[in-house]
Amino acid sequence: MHKAPLAAAIFVTVAFTSAGAEDSFPPVGNATVKTECSACHMLYQPQMLPKRSWQAVVEGLAKHFGEDASLPPAKTTEVLDYLVANAADAGRSGSKFLRDLPAAATPMRITETPYWLRKHRELRPEIWKRTSVGAKGNCQTCHQGAATGDFDEDRVRIPK
Amino acid sequence: MRKPLTILIALATTMFAGATLADPARDAILAKFAAEAKAADPGFTGFSAARGGAFFRASQTGGSAETPSCTSCHGAAPQDAGKTRANKAIAPMAVSKTPDRFTDSDKVAQWFDRNCKGVAGRVCTPLEKGDFITFMAGQ
């Protein structure tokens, strides 16, 4: 029961650390990224993949997980610049999504990073098959505050 | 060159004003498709909501096997929300439910391009695009 004030204190700290720092997932601040990268799924925070991954994701937008998500050249450059500038390895300390990630690996999914896999290892496989969850990438179904960068484990609710 | 286009825009605007929810930006998009449709086929006489509805529901080949129809993502009823392959809700396409539909020409162009390729494996014709918007504007 002493958890709440502590969590609040942690949250405040997290909210005020600068971009790229550990634990910090500030809201996406680029309008083009916001519009173009949230049409089909939630808007993923750039701090969850390294620069090389964003490079690969943006280069492959014409064949993006089986869909055409390509953009005109000017928007492509703007999106890539923003994602790279705020990537997991862009800050001084690096995001926790870099943990155990081999330097040679270029994950195309956040849900393929060792850190994400470790954090979700205890979830039974059956949970991912629920239509209420839909896909591992539907972070917001369990992390209601995902859009604002809140992934705190104390506020997770798995839908039935 | 100028005059026929102006007349066409005027024509298109009056043609659609009655049956559909009017919006200047949407009317301009429709007028542009009307001009393109006329250029492709001089016999073009106007868009048809009925044809647009049939196109919306048609099962097509040539695109992705997972999405053979516009309804694969947008749902069978234009008034209802649809769902992407990644399970995110898509606001209804019916203009009565989502009033700002088809009012941003870049957005319209971008999604027709992507979705026609995903469903039919090709770009949509100006006639198909105009019919589709005319249908949704009346829904």
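Everything numeric in this text was worked out from a predicted model, so none of it was measured. Convention: sequence-line order gives letters A, B, ...; per-chain numbering from 1.
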Polar pairs (donor with acceptor) under 3.5 Å from chain B to chain A:
unit_1: B:Thr84; atom_1: OG1; unit_2: A:Cys40; atom_2: O; d: 2.7
unit_1: B:Arg85; atom_1: NH1; unit_2: A:Phe65; atom_2: O; d: 3.1
unit_1: B:Arg85; atom_1: NH1; unit_2: A:Glu67; atom_2: OE2; d: 3.2
unit_1: B:Arg85; atom_1: NH2; unit_2: A:Phe65; atom_2: O; d: 3.4
unit_1: B:Ala86; atom_1: O; unit_2: A:Asn138; atom_2: ND2; d: 3.4
unit_1: B:Lys88; atom_1: NZ; unit_2: A:Ser38; atom_2: O; d: 2.5
unit_1: B:Gln110; atom_1: NE2; unit_2: A:Glu36; atom_2: OE1; d: 2.7
unit_1: B:Arg114; atom_1: NE; unit_2: A:Asp68; atom_2: O; d: 3.3
unit_1: B:Arg114; atom_1: NE; unit_2: A:Ser70; atom_2: O; d: 3.4
unit_1: B:Arg114; atom_1: NH2; unit_2: A:Ala69; atom_2: O; d: 3.1
unit_1: B:Arg114; atom_1: NH2; unit_2: A:Ser70; atom_2: O; d: 2.9

query: What option among A:Pro72, A:Ala69, A:Ala62 has the most heavy-atom pairs under 4.5 Å with chain B?
result: A:Ala69
query: Is there a chain of hydrophobic side chains (I, L, V, M, F, W, Y, each step under 4.5 Å between heavy atoms) that links A:Val58 to A:Leu49?
result: yes
query: According to a 4.5 Å side-chain heavy-atom criterion applied to Ile, Leu, Val, Met, Phe, Trp and Tyr, with indirect links allowed, do A:Met108 and A:Met42 form part of one hydrophobic cluster?
result: yes
query: If you group Ile, Leu, Val, Met, Phe, Trp and Tyr by side-chain heavy-atom gaps below 4.5 Å, do B:Val123 and A:Leu61 land in one group?
result: no
query: Residues two or more places apart in sequence or in another chain: which of them pass disulfide bond (SG atoms under 2.5 Å apart) with B:Cys116?
result: B:Cys124
task: Of all the heavy-atom pairs spanning B:Ala86 and A:Cys40, show the shortest one and how long it is.
output: CB-O, 3.4 Å
- request: Counting only heavy atoms closer than 4.5 Å, note whether A:Ala39 contacts chain B via side chain, backbone, both or neither.
  value: both
B:Val119 reachable from B:Val108 in the ILVMFWY side-chain graph, under 4.5 Å edges: no
- request: Kindly work out whether a path of hydrophobic side-chain contacts (I/L/V/M/F/W/Y, heavy atoms less than 4.5 Å apart) joins A:Leu80 to A:Leu43.
  value: yes
